[in-house]
Amino acid sequence: MMNSLRRLGVIGDPIAHTLSPLIQNGMLKALDLQELYEAIHITPDNLHRFTEMARAEFTGFNATMPHKAALLPLMDELSADAVMYQAVNTVSVREGKLFGCNTDGEGFLMALKERGIAFEGGRIVILGAGGAARSVALKLAASGAERIVVCCRSLQKAEQLTSASVKISAASFESIAEQISKCDLLINCTPLGMDGVAAQFSDFSFLDFLPQEAAVCDLIYRPQKTQFLSEAGYRGHVICSGLGMLIYQAILALEQFLQTPLDLKQMREAVEQSLYQGGILQKEMA
Ligand code: NAP
């Protein structure tokens with residue numbers, strides 16, 4: 001295990017509310033490494049200067065809004081997923097070179113696997129067409145999903161997704177009930193029902209159209225069990241919260257920084273402990 005870590009951190013604008021230091025330092029502590037992961041406020045104007053400084057001073061860093069796309073041309077090398085999503089969320093510094101990758105989609109697939117949810121050959125409906133929906137839809141399309149329908153308010157936004165994969169099509173947000181009637185996996189990628197967000201689904205009767213064997217995911221992790229998931233669970237569906245994706249994308253990022261595989265169970269427990277101790281999670285759902 002690497003014992004000569006240089007700086008680690010997450011960059012964004014704004015950055016005050018990021019959970020990444022809590023999550024990454026929890027894992028570093030469990031590995032008996034220095035807890036030196038910090039939140040760094042970097043404005044778009046300073047991004048290029050920061051990446052040049054990072055070559056010498058950093059082991060790696062994560063990126064959040066608004067830098068994920070802007071980092072692409074600043075990297076020396078990119079992973080296939082970063083190219084596919086046209087977004088970088090993790091940069092590891094290797095001998096002064098910047099390797100940009102993106103762990104969001106793979107983190108989501110690991111969360112599905114953990115809950116025993118198979119998607120290969122399946123028909124998937126995604127609600128929302130933002131950044132998270134993009135990584136999830138493209139990763140599922142590239143990993144064996146048969147067909148993906150993105151239900152969203154702005155079809156213009158969905159066009160960027162439909163043009164990126166022939167397996168993805170778009171439909172209106174009002175047509176959810178119709179779209180999910182032939183669906184194996186339903187995923188909420190909107191902020192509807194998230195703590196601190198006023199907007200919520202107007203009602204959940206559309207879930208009555210979902211085939212009984214379909215699984216239901218929410219990318220939201222605060223609360224762990226959204227009303228969307230509760231309603232799906234009440235109807236007998238296997239459910240999956242956004243906590244797994246949050247944790248696994250972070251573990252995959254730390255593996256990139258340390259350039260070594262990590263014990264997933266040990267790291268998941270370390271992250272959960274940090275999130276509970278930090279008051280971010282309440283014990284409600286496994
Ligand atoms: P985003 O880029 O802002 O996209 C949000 C999407 O939701 C957009 O398509 C937006 O539609 C749609 N939307 C917002 N309000 C809506 C409403 N009232 N009715 C219908 N659609 C609505 O956000 P994001 O980064 O993709 O994140 C989406 C959610 O995923 C957030 O809750 C975030 O916390 C969660 N997330 C979780 C993880 C994880 O690790 N678990 C990772 C990333 C994101 P318009 O384009 O029409 O506004």
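Throughout, numbering of the chain's residues begins at 1 and tracks the sequence. In each ligand, atom 1 is the first atom listed, and ligand 1 is the first ligand listed.
Protein heavy atoms come within 4.0 Å of atom 19 (N) of ligand 1.
If you look at F58 and F50, their ring centroids are closer than 6.0 Å.
Applying side-chain hydrogen bond (donor to acceptor under 3.5 Å, both in side chains) to E269 and the options K265, Q273, Q266 leaves one that passes, K265.
Salt bridge E35/K29: absent, no basic N to carboxylate O contact under 4.0 Å. A salt bridge is defined here as a Lys NZ or Arg NE, NH1 or NH2 lying under 4.0 Å from an Asp or Glu carboxylate O, and E114 with R268 meets this definition. Salt-bridge annotation for E38 and R7: present, with a side-chain N of the basic residue lying under 4.0 Å from a carboxylate O of the acidic one. Using a 4.0 Å cut-off between charged nitrogen and carboxylate oxygen, R55 and E52 count as a salt-bridge pair.
The shortest contact between atom 27 (O) of ligand 1 and any protein heavy atom is with A132 CB, 3.9 Å. In terms of protein heavy-atom proximity, atom 33 (C) of ligand 1 is closest to M194 SD, 4.4 Å. When hydrogens are left out, the protein atom nearest atom 2 (O) of ligand 1 is G131 N, 3.1 Å; that is the closest non-hydrogen contact. The nearest heavy-atom contact from the protein to atom 28 (C) of ligand 1 is C189 O, 3.2 Å. Nearest non-hydrogen protein atom to atom 4 (O) of ligand 1 is G130 CA, 3.2 Å. Given atom 15 (N) of ligand 1, the protein heavy atom at minimum distance is R153 NH2, 3.5 Å. The protein non-hydrogen atom at the shortest distance from atom 14 (C) of ligand 1 is P191 CD, 3.5 Å. Looking from atom 46 (O) of ligand 1 to the surrounding protein, the closest heavy atom is K157 NZ, 2.7 Å.
Polar contact with ligand 1: present for L219 (N/O pair, distance under 3.5 Å). In terms of N/O distances under 3.5 Å, ligand 1 is not approached by L192.
With a 4.0 Å cut-off on non-hydrogen atoms, D104 does not touch ligand 1 at all. Of the heavy atoms in M245, both backbone and side-chain atoms come closer than 4.0 Å to ligand 1. When non-hydrogen atoms are compared, ligand 1 lies under 4.0 Å from the backbone of L246 as well as from its side chain.
A donor-acceptor pair shorter than 3.5 Å cannot be found between the side chains of S20 and N62. Between the side chains of Q179 and R123, no donor N or O sits under 3.5 Å from an acceptor N or O.
Across every non-hydrogen atom of S143 and F119, the tightest pair is O-CE1, 3.4 Å.
Residue contact check: G242 has heavy atoms under 4.0 Å from atoms 39 (C), 41 (N) of ligand 1. For ligand 1, the atoms lying closer than 4.0 Å to a non-hydrogen atom of I220 are 32 (O). Taking every non-hydrogen atom of G128 and a distance limit under 4.0 Å, the qualifying atoms of ligand 1 come out as 9 (O).
Residue-ligand proximity: A129 is placed with a non-hydrogen atom under 4.0 Å from ligand 1.
Put simply, M245 and I126 are part of the same group of oily side chains (I, L, V, M, F, W, Y) that touch within less than 4.5 Å, one to the next.
Annotation: Q156, atom CD; neighbour count of heavy atoms from other residues, nucleotides and ligands within 6.0 Å does not exceed 12.
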